[in-house]
There are 2 protein chains.
Amino acid sequence: MTWHEELTKQGYRISGPRRRIMELLSDTRTPLTPALIHKHLALEGKPLSLASVYRALDLLAELNLLCQVYFSDGTLGYMAHTGGHHHHVLCRRCNRSMEFGGHEDLDELTERVQAETGYVINEHLLQFYGLCPSCAALRQELA
Amino acid sequence: MTWHEELTKQGYRISGPRRRIMELLSDTRTPLTPALIHKHLALEGKPLSLASVYRALDLLAELNLLCQVYFSDGTLGYMAHTGGHHHHVLCRRCNRSMEFGGHEDLDELTERVQAETGYVINEHLLQFYGLCPSCAALRQELA
DNA sequence: GTAATATTGAGAAACTTTCTCAATAAGGAA
DNA sequence: TTCCTTATTGAGAAAGTTTCTCAATATTAC
C-alpha cells in the first residue's frame with residue numbers, strides 16, 4: 001500500500017505539504033529534523049509553514065509512514081518508513097542512516113526482562129550508533 | 001567509587017546544586033526532566049536556578065553519574081546511575097523505571113548489523129516500554 | 001463545477017534550552 | 001582557621017523549539 005492509499009484509507013487528504021514532505025524524505029538518506037525539513041523545502045522554492053511541518057510529521061509518523069530516529073545528541077529526526085518492523089543504525093559523523101530488519105532478535109531479551117522485572121513489555125526503542133562505511137574508511141586513511 | 005569521589009577525581013567541585021540533584025534523583029524511582037527537577041527542589045525549599053539544573057545534569061550525565069532515559073513521548077529524563085552497563089524498562093502509565101543489566105544480549109545482533117550494513121558500531125540505545133507490575137495489576141482489575 | 005470540510009498559513013504564545021557576567025562559594029595553601 | 005584562586009552559580013536576557021488560533025485555502029465527494 002502506498003502512502004497515498006494509506007492516507008486516503010484513513011480518511012486524510014493528500015495535501016501539498018504532506019506530499020512535499022514525503023517526497024523530500026524519500027530522497028534523503030539522513031533523518032531530518034522539523035527545522036531542517038522546513039529549511040530544505042524553503043530552499044527548493046516550496047516554502048511551508050513550520051506549523052504545517054510539525055502537523056504533517058505528527059500525522060505521518062502516527063500512521064507509520066515515517067519513522068522517528070534519535071540523533072546521538074537526543075534530537076529527533078524523521079525518515080521515510082520502508083515497511084516492516086525495523087530499526088536504524090546511524091553514522092555519528094555524517095548522520096547517514098540505514099535500516100536493519102527483524103525484531104525477533106529482541107524476543108529472547110524481552111522475555112528475560114519481563115521475567116526479571118515483572119513489567120509487561122509491549123514496545124521498545126533500539127538504535128545503533130557508529131560510523132558508516134565511507135566515514136570509517138576516511139578515518140582509516142587519516143590514521 | 002562514590003559520586004563525590006568521581007567528581008573530585010575529575011577536578012570538579014562538590015557544589016550544592018550538584019549535591020541536591022544527586023540526592024533527589026537517588027530518592028526517585030521515575031526519571032525526571034530538568035523542569036521537574038527544578039520544580040521538585042523549589043517545593044522542597046531548595047530553589048535552584050534552571051540554568052544550574054541544566055549545567056549540572058549535563059556534567060553528571062557526561063561523567064556517567066546519571067543516565068538519560070527517553071519517555072515514550074520522546075522527552076528526556078534523568079535517573080541516578082547505579083553502575084555497570086544497563087538499560088531501562090519504563091512504565092507508560094506511572095513512569096516508574098527499572099534497570100536491567102547486561103548488554104551481552106546485543107552482541108550477536110550488533111555483529112549481524114555490522115556485517116549487513118558495513119557500519120562500525122560503537123554505541124546503542126535500548127529501552128523497553130510497558131506497564132510496571134502494579135499498573136498491570138490495576139489494569140487487570142478494571143478489565 | 002459546487003458544496004462541505006479538512007488542511008494550511010501566519011503570527012502569537014507557550015515552552016525549552018543556552019548564554020552572559022557579576023556575585024558567590026568550594027577547595028587548597030598557609 | 002583564614003585567605004586566595006577560580007570553578008560555579010543566579011538572574012534574566014536571548015535563542016530556539018513546539019503548540020495554538022482562526023480566517024483563508026485547497027481537497028474530495030457528489
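For B:E23, there are no side-chain hydrogen bond (donor to acceptor under 3.5 Å, both in side chains) partners two or more places apart in sequence or in a different chain. Residues passing the side-chain hydrogen bond (donor to acceptor under 3.5 Å, both in side chains) test with B:E108: none are found, sequence neighbours excluded. Contacts of B:D73 classified as side-chain hydrogen bond (donor to acceptor under 3.5 Å, both in side chains), with partners at least two apart in sequence or in another chain: B:T75. Here A:E44 pairs with A:K46 under the salt bridge (Lys or Arg N to Asp or Glu O under 4.0 Å) rule; sequence neighbours left out. Every residue meeting the ring-ring contact (aromatic ring centres under 6.0 Å, His included) condition with A:H88, not counting sequence neighbours, appears here in chain and number order: A:H86. With sequence neighbours left out, the salt bridge (Lys or Arg N to Asp or Glu O under 4.0 Å) criterion links A:E111 to no other residue.
In this structure, B:Y70 is not a member of the same hydrophobic cluster as B:M98, with clusters built from ILVMFWY side-chain heavy atoms closer than 4.5 Å. There is a path of hydrophobic side-chain contacts, each under 4.5 Å, that joins A:L36 to A:V53.
Side-chain atoms of A:S15 lie closest to C:dT8 of the nucleotides D:dT28, D:dT19, C:dT8.
Atom CD in B:Q10 sits roughly 12 Å away from atom P in D:dT8 (whole-Å rounding). The distance from atom CZ of A:R55 to atom P of C:dG9 is 8 Å, rounded to the nearest whole Å. Rounded to whole angstrom, the span from the CG atom of A:L41 across to the P atom of C:dT8 amounts to 13 Å. Atom pair A:L7:CG and D:dT27:P shows a separation of 13 Å (rounding to whole Å applied). Going from atom CG of B:L57 over to atom C1' of C:dT17 covers 12 Å, rounded to whole Å. Taking atom NZ of A:K39 as the reference point, atom P of D:dG16 lies 11 Å away to the nearest angstrom. Per the geometry, CG belonging to A:D58 stands 15 Å off C1' belonging to C:dT8, to the nearest Å. To the nearest angstrom, C1' of D:dT19 lies 16 Å from CG of A:L59.
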Note to self: Under the criterion side chain to side chain contact (heavy atoms under 4.5 Å, CB included), I'd like the reasoning laid out for B:Y78 against B:L60: C-alpha separation, chi angles, the key distance, then a yes or no.
What the structure shows: CA-CA 10 Å; B:Y78 293 81; B:L60 297 169; over 6 Å; no
Next item on the list: Begin from the C-alpha positions of A:L41 and A:I21 and carry the test side chain to side chain contact (heavy atoms under 4.5 Å, CB included) through to its verdict.
Entry: CA-CA 8 Å; A:L41 291 174; A:I21 287 177; 4.1 Å; yes
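Contacts of residues 16-38 of chain B with DNA chain D (heavy atom under 4.0 Å): B:P17, B:R18. Residues of residues 60-81 of chain A having a heavy atom closer than 4.0 Å to DNA chain C: none are found. A heavy-atom distance below 4.0 Å to DNA chain D is reached by these residues of residues 45-53 of chain A, ordered by number: A:L50, A:A51.
Checking the phosphate oxygens (OP1, OP2) of C:dT18, no side-chain nitrogen or oxygen of B:Y54 falls inside 4.0 Å.
Identified under the side chain to side chain donor-acceptor pair (under 3.5 Å) test for residues 126-143 of chain A, with sequence neighbours left out: A:Q127-A:Y129.
Side-chain atoms of A:Y119 and A:Q114 include no donor-acceptor pair closer than 3.5 Å.
The OG atom of A:S52 sits 12.5 Å away from atom CD1 of A:I37, with the distance rounded to the nearest 0.5 Å.
At its two ends the helix from C:dG1-D:dC30 to C:dA30-D:dT1 runs along axes set 50° apart, each axis drawn from five pairs and the angle rounded to 10°.
A side-chain contact (heavy atoms from CB on, under 4.5 Å) with B:C91 holds for exactly one of B:C135, B:P133, B:S97; it is B:C135.
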All N/O contacts under 3.5 Å from nucleotides 3-5 of chain C to the protein, with atom names and distances to one decimal?
unit_1	atom_1	unit_2	atom_2	d
C:dT5	O2	A:R13	NH1	3.3
C:dT5	O2	A:R13	NH2	3.3

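A:H87 contributes no side-chain N or O that, together with a main-chain N or O of A:L125, makes up a donor-acceptor pair within less than 3.5 Å.
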